[in-house]
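Here is the structure we will look at.
Hydrogens, waters and symmetry mates are skipped; everything else that's a heavy atom, side chains included, is used. Residues: numbered from 1 along the sequence shown.
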Amino acid sequence: MAVPTALLKLFLPRMVARGHGRVLNVASAAAWFPGPEQATYFATKAYLAALSNALWYELKPLGIRVTALLPGPIETGFAQAGQLTRTRLFAPGTGVDPQIVARAGYAGLLAGKRQVIVGVTWWMRWAARCYPWLPKRLVLAVIAALQRPRP
């Protein structure tokens with residue numbers, strides 16, 4: 001959270017002075033939920049998504065576009081490095097090609113979109129929409145189960 005915030009603090013004043021600029025923050029679909037088993041990761045992605053959304057609103061009148069990229073699982077090596085390939089969330093073949101994610105993010109940034117969602121399954125979208133009304137203990141249990149290694 002500190003690095004993106006510091007970079008924004010460094011570059012936004014120049015963008016404001018010029019009257020234009022673009023920022024693409026890579027958050028994650030993980031931003032939609034609390035994340036037992038990866039609490040810090042989920043929380044930092046929620047921070048980036050919330051920050052990007054607020055800045056999109058605040059800076060749009062000044063000619064600056066801020067876009068939050070919220071991808072689902074991506075085939076980047078993240079799952080292998082975190083030993084997550086045996087989980088339901090990061091099972092082999094569930095991730096999206098990083099080039100697809102990058103192209104979608106860049107296109108959304110150029111279009112001035114507030115958010116770009118890519119590589120997210122139907123159930124992730126459904127869960128994100130229903131999250132405010134779902135029992136939080138249930139959500140926590142489901143997210144934890146998705147991230148635990150399968151036998």
Side-chain angles (χ1 to χ4, degrees), residues 1-12 15 21-60 62 64-149:
M1 294 182 304
V3 172
T5 304
L7 289 171
L8 287 164
K9 187 174 180 178
L10 178 66
F11 290 106
L12 280 179
M15 292 181 193
R22 297 179 192 277
V23 176
L24 178 64
N25 282 322
V26 181
S28 168
W32 298 330
F33 307 103
E37 307 297 328
Q38 292 188 63
T40 304
Y41 178 80
F42 277 64
T44 58
K45 296 307 181 175
Y47 171 80
L48 276 175
L51 178 67
S52 299
N53 278 290
L55 290 176
W56 175 87
Y57 184 84
E58 290 177 23
L59 299 173
K60 189 174 180 182
L62 303 176
I64 300 165
R65 303 295 181 252
V66 179
T67 301
L69 177 59
L70 292 104
I74 307 172
E75 292 291 335
T76 60
F78 175 83
Q80 291 82 0
Q83 300 176 339
L84 299 168
T85 55
R86 291 185 42 233
T87 68
R88 288 178 181 88
L89 196 57
F90 291 100
T94 58
V96 177
D97 183 319
Q99 290 185 14
I100 292 170
V101 175
R103 285 188 185 113
Y106 186 67
L109 174 68
L110 293 180
K113 291 188 174 185
R114 179 180 55 84
Q115 290 187 154
V116 175
I117 299 168
V118 61
V120 176
T121 63
W122 68 268
W123 66 264
M124 287 179 186
R125 288 181 188 265
W126 177 86
R129 286 193 176 117
C130 295
Y131 173 69
W133 298 281
L134 294 172
K136 300 308 175 251
R137 287 182 186 203
L138 172 66
V139 172
L140 291 164
V142 169
I143 297 295
L146 287 171
Q147 296 186 92
R148 289 197 185 108

Between atom [atom1] of [X] and atom [atom2] of [Y], what is the distance when rounded to the nearest 0.5 Å?
X      : Y      : atom1 : atom2 : result
Leu62  : Leu12  : CG    : CG    : 10.0 Å
Lys113 : Leu109 : NZ    : CG    : 11.5 Å
Glu37  : Ile143 : CD    : CD1   : 11.0 Å

Below 4.5 Å, heavy atoms only, C-beta onward: do [X] and [Y] meet side chain to side chain?
X      : Y      : answer
Arg22  : Leu110 : yes
Val118 : Ile74  : no
Leu146 : Phe33  : no
Pro34  : Val139 : yes
Leu69  : Leu24  : yes
Leu48  : Pro4   : yes
Val23  : Leu8   : yes
Ser28  : Tyr41  : yes

Using modelled atom types and a 3.5 Å cut-off, is there a donor and acceptor pairing between side-chain atoms of [X] and backbone atoms of [Y]?
X      : Y      : value
Lys136 : Leu134 : yes
Arg65  : Trp56  : no
Gln147 : Pro36  : yes
Lys45  : Val26  : yes
Thr44  : Met1   : no

Please report the closest heavy-atom contact between [X] and [Y], naming both atoms and the distance.
X      : Y      : result
Gly108 : Val116 : CA-CG2, 3.6 Å
Leu70  : Ala27  : CG-CB, 4.3 Å
Gly21  : Met15  : CA-SD, 3.9 Å
Ser52  : Asn25  : OG-ND2, 2.9 Å
Ala49  : Ala31  : CB-CB, 3.8 Å

Quiz item: Are there more than 12 heavy atoms of other residues, nucleotides or ligands under 6.0 Å from atom OH of Tyr131?
Solution: yes
Quiz prompt | side chain to side chain contact (heavy atoms under 4.5 Å, CB included) between Leu51 and Thr5, worked out | solution = CA-CA 9 Å; Leu51 178 67; Thr5 304; 4.3 Å; yes
